[in-house]
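Computed from a predicted model, the values in this text were never measured in an experiment.
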Amino acid sequence: MSEPPGAVTLAEAPPADPPPPRKLTAQRVQPLRRPGRWIATVVVLVLAAQFVHGLVTNPFYQWDRFGYWFLRPTILDGLLITLEVTAWSAVLGLLGGILLALARLSRSPVLRAASWTYVWALRSIPLIVVLLFLYNFSALYKTLSVGVPFGPAFLTFDESRLATDMAIAVIGLSLNEAAYAAEVVRGGILSVDQGQHEAASALGLPKGYQFRRIVFPLALRSITPNYVNQLIGLIKSTSLVFYVSLLDLFGTAQSMGSTYPGDIVPLLLVVTVWYLILTSLVSVVQFYVERYFARGATRSLPPTPLQKLRTGLRDLRERARREAAV
Amino acid sequence: MSAETAQTVVTTKAAGPVGPAEAPPAAVEVHGVHKWYGGHRVLDGVDLTVRPGEVTAVLGPSGSGKSTLLRVINHLEKPEIGYVSVNGEPIGVRRHGDRLRELSERAILAQRSRIGFVFQNFNLFPHLTVLDNVAAAPVATGRLSRPAARELAHELLDRVGLADKATAYPRQLSGGQQQRVAIARALALRPGVILFDEPTSALDPELVGEVLAVIRNLATSGTTLVIVTHEVGFAREVADRVVFIDGGRIVEQGPPAEVLDNPRHERTRDFLSKVL
């Protein structure tokens, strides 16, 4: 014979003043305990601390030598070359990419095929091969002329004067960049709703206006993150220009490393930190560019980090006030 | 042969009791238009005449070709056979002896800017403010200076009851408000004819009224309207003429009282019994 459990508890409960039952609706819901999360947090923090500790205390990194090299003029000259090559290739590559994307989306089968072939070829050939080809180009073709094939030439250039190391690097990277940018831009244009094209042509907006003011700005919203991805890849690819004897950031560090073999590790650290800084700057710019192109796409713009901090603090303060009231 | 019946209906209507509409050219004339999508025939010899100032409602089951007919009128769709003229001017083609030749894209765009089009899904430009949505086309087509276009845009927004939304972005508005902006955008080009492609089909029921009110207003102001719609009640109220399409052909047309209340064709009766 078993009594209902409720009766047992009642019988065993001390008869003295039972606590008054609290109204459920007056209480705050207890948050779910998450022990797994706490354990994971501890593990990650310990690992991170170990990594930082190793980084700081291991003599292998020679932080004093890092400090010596970080702002050396030779390194900064190399950094400048890296920036210059990146800037030119990013702009020329994007322009080339836009033209290739438009050709690929055009109604002309010849343009479509040419664009497809270009993208196919340049994506297949390793960048370093393209650069070395261009480097040896001036040996193969002494002069470069614009004219009718097999016919008269209108313009003739002396290749050796035209093909500086910088020009070779920029041309090689731009050719490569354009192939990838073409796909990024094409994807962006295809992502624009067909209704926008229809509305623009139903209003009779001129073709150029449709592209510049309607389709391209809308496409930029999806082009931006992809192109920034591409751009970050480009910043790092510029380290290959070392092989066409242009001393960029990486190239400078490399040549300094062969002069001071003991400093190779701190020099690599210098290069790493500079690339980290460049990438971070690009990411910050990306955030604001994306925010700009999000105009109208969402009901309200995503908050900037500063706005996020401010609302976060305000929420915290309000929460504290509420808790105090309860 | 059924195309033939449709044609006879048109001729009787055109010569019908309304009388003195002979002198000015028709606002819209559809001449024997055929249209295929691949092997599927969407329009099968459509002839239609819309007189200036007339409000025409086009009804029909989904897939009957009514939207395609509307899109053929402003040449968003090219007809395979036949052509359309608006205010006497062939659209998208020009006569060359006894042949029709395709016009250049630039010429077609210029023609479209004289025909208003309102989409089911509004298709406002999301990255432009409401004001810029309305003011863009008159500036881009070189008709108005920027300040003049903005002034006109303010005026038109006021007319559709959205004067206070000029600086908002389209996605910040309700569907009904967006559609009213889209109507203002179409009006900014001062079109002779405005085509409405199911203007209330994407709206929540309680927002339909505000859009219909704007269209009703246009109808009474003497603008030529062609409205593809499912709102039979609205068609009865504002339309001078109802056109019923099925299977890519005009089955029946006439004043709403005739077509809606006393349909002669089995298919029209069948359709109306389903939607009413």
Side-chain angles (χ1 to χ4, degrees), chain A residues 98 102-103 105-109 111-112 185 187-227 286-303, chain B residues 67 70-71 73-77 91-92 104-130 132-143 167-174 178 181-182 185-189 191 194-195 197 202:
Chain A
I98 293 173
L102 287 177
L105 294 169
S106 83
R107 274 180 221 154
S108 151
L111 285 182
R112 278 205 308 268
V185 172
I189 293 175
L190 288 180
S191 76
V192 175
D193 178 26
Q194 188 59 31
Q196 295 294 315
H197 294 275
E198 283 186 354
S201 52
L203 284 169
L205 303 178
K207 212 70 189 140
Y209 187 97
Q210 285 187 28
F211 182 73
R212 278 181 290 109
R213 295 300 183 79
I214 310 293
V215 177
F216 195 60
L218 289 173
L220 273 173
R221 187 164 145 72
S222 77
I223 289 176
T224 309
N226 290 320
Y227 190 68
Q286 173 185 11
F287 175 82
Y288 285 96
V289 172
E290 275 182 24
R291 195 165 178 276
Y292 176 77
F293 287 118
R295 269 170 323 156
T298 47
R299 287 195 164 209
S300 52
L301 285 179
Chain B
S67 281
L70 207 63
R71 294 161 64 88
I73 294 177
N74 80 339
H75 216 70
L76 278 179
E77 307 281 354
I91 299 298
S104 73
E105 196 155 1
R106 179 191 294 261
I108 296 174
L109 285 169
Q111 289 183 329
R112 284 210 194 103
S113 72
R114 296 191 284 273
I115 305 170
F117 199 99
V118 175
F119 294 88
Q120 180 178 350
N121 296 316
F122 333 132
N123 292 338
L124 294 176
F125 304 129
H127 60 305
L128 301 182
T129 60
V130 162
D132 286 336
N133 261 282
V134 180
V139 178
T141 53
R143 297 203 190 165
T167 56
Y169 285 97
R171 297 229 169 105
Q172 295 167 330
L173 305 183
S174 73
Q178 290 190 49
V181 174
R185 179 173 73 170
L187 288 173
L189 289 164
I194 307 179
L195 313 172
D197 189 5

What part of [X] is in contact with chain A, defined as an atom under 4.5 angstrom from a non-hydrogen atom: side chain, backbone, both or neither?
X: Ala136(B); answer: both
X: Arg114(B); answer: neither
X: Leu195(B); answer: neither
X: Arg171(B); answer: both

Using every non-hydrogen atom in the two residues, find where [X] and [Y] come nearest and quote the distance to one decimal.
X: Leu109(B); Y: Leu205(A); result: CD1-O, 3.5 Å
X: Phe119(B); Y: Ala199(A); result: CE1-CA, 3.6 Å
X: Ala140(B); Y: Pro206(A); result: O-CG, 3.5 Å

Side chain, backbone, both or neither: which part of Ala200(A) has an atom under 4.5 Å from a heavy atom of chain B?
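Both parts, heavy atoms under 4.5 Å.
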Chain B: which of Gly195(A), Ala294(A), Gly208(A), Pro217(A) shares the most heavy-atom pairs with it under 4.5 Å?
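That would be Gly195(A).
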Would the number of heavy atoms belonging to other residues, nucleotides or ligands and lying under 6.0 Å from CZ of Arg213(A) be above 12?
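Open: at most 12 neighbouring heavy atoms sit under 6.0 Å from CZ of Arg213(A).
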With a sphere of 6.0 Å drawn around CZ of Arg112(A), does it hold more than 12 non-hydrogen atoms of other residues, nucleotides or ligands?
yes
Just how far is it from atom [atom1] of [X] to atom [atom2] of [Y], taken to the nearest 0.5 Å?
X: Glu198(A); Y: Asn74(B); atom1: CD; atom2: CG; value: 9.5 Å
X: Tyr292(A); Y: His127(B); atom1: OH; atom2: NE2; value: 9.5 Å
X: Asn123(B); Y: Gln194(A); atom1: CG; atom2: CD; value: 9.5 Å

Below 4.5 Å, heavy-atom pairs only: which of Gln111(B), Glu105(B), His75(B) has the largest tally toward chain A?
Glu105(B)
Sort out for me which of Leu124(B), Val139(B), Ile115(B) touches chain A most, counting heavy-atom pairs under 4.5 Å.
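Among Leu124(B), Val139(B), Ile115(B), the one with the most close pairs to chain A is Leu124(B).
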Side chains of Leu203(A) and Phe125(B), heavy atoms from C-beta outward: is any pair under 4.5 Å?
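Yes, side chains in contact.
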Are the side chains of Gln196(A) and Pro126(B) in contact, using a 4.5 Å heavy-atom criterion?
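Yes - at least one pair of side-chain heavy atoms lies under 4.5 Å apart.
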